[in-house]
*Asks:* 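My structure is below; once you've seen it, I'll send some questions.
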Amino acid sequence: MLLAILLMVSGCAGMSETEQRTVTGGAAGAAGGAAIGALAGNAAMGAAIGGATGLAGGYLYGKHKDTEKKAYEEGYNAGKAGQ
């Protein structure tokens, strides 16, 4: 498990922040889903559901952070131009 996480993190070097958040969300969701699924008797189904949910959540969070960053930069540039 640790080796898989290390390989995934090292493979994120050329990705955008949104892509990194999407992959991280998917991995975390899959791990959490597998753990919960194992308790319920079907780890594979839990991993699949958790991974899909994590991917969607990571993507949406990444887009939200991109929008925040863009709004900050626009406000900063507008304030700088008004000097």
Side-chain angles (χ1 to χ4, degrees):
M1 182 73 150
L2 181 61
L3 179 61
I5 292 171
L6 289 174
L7 289 173
M8 181 184 67
V9 171
S10 67
C12 292
M15 293 182 171
S16 71
E17 290 180 6
T18 298
E19 291 169 336
Q20 290 176 0
R21 288 183 179 110
T22 301
V23 169
T24 302
I36 293 169
L39 294 173
N42 194 343
M45 181 64 77
I49 293 170
T53 304
L55 281 172
Y59 177 77
L60 292 173
Y61 181 71
K63 286 299 185 181
H64 170 71
K65 295 305 278 182
D66 288 346
T67 302
E68 277 185 346
K69 185 177 179 180
K70 182 180 177 188
Y72 172 81
E73 289 172 354
E74 287 175 358
Y76 176 82
N77 290 332
K80 194 173 180 181
Q83 289 181 351

*Asks:* Do the rings of His64 and Tyr61 sit parallel, tilted or perpendicular, given the 30° and 60° boundaries?
*Replies:*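 If you compare the ring of His64 with that of Tyr61, the planes turn out tilted.
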*Asks:* Do you know the tightest heavy-atom contact between Thr22 and Leu55?
*Replies:*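 Thr22 and Leu55 have their closest heavy atoms at O-CD2, 3.3 Å.
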*Asks:* Could you pull out the closest heavy-atom pair between Gln20 and Met15, with the gap in Å?
*Replies:* NE2-O, 3.4 Å
*Asks:* Salt bridge or not between Lys65 and Glu68? Use side-chain N to carboxylate O under 4.0 Å.
*Replies:*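 Yes, this pair counts.
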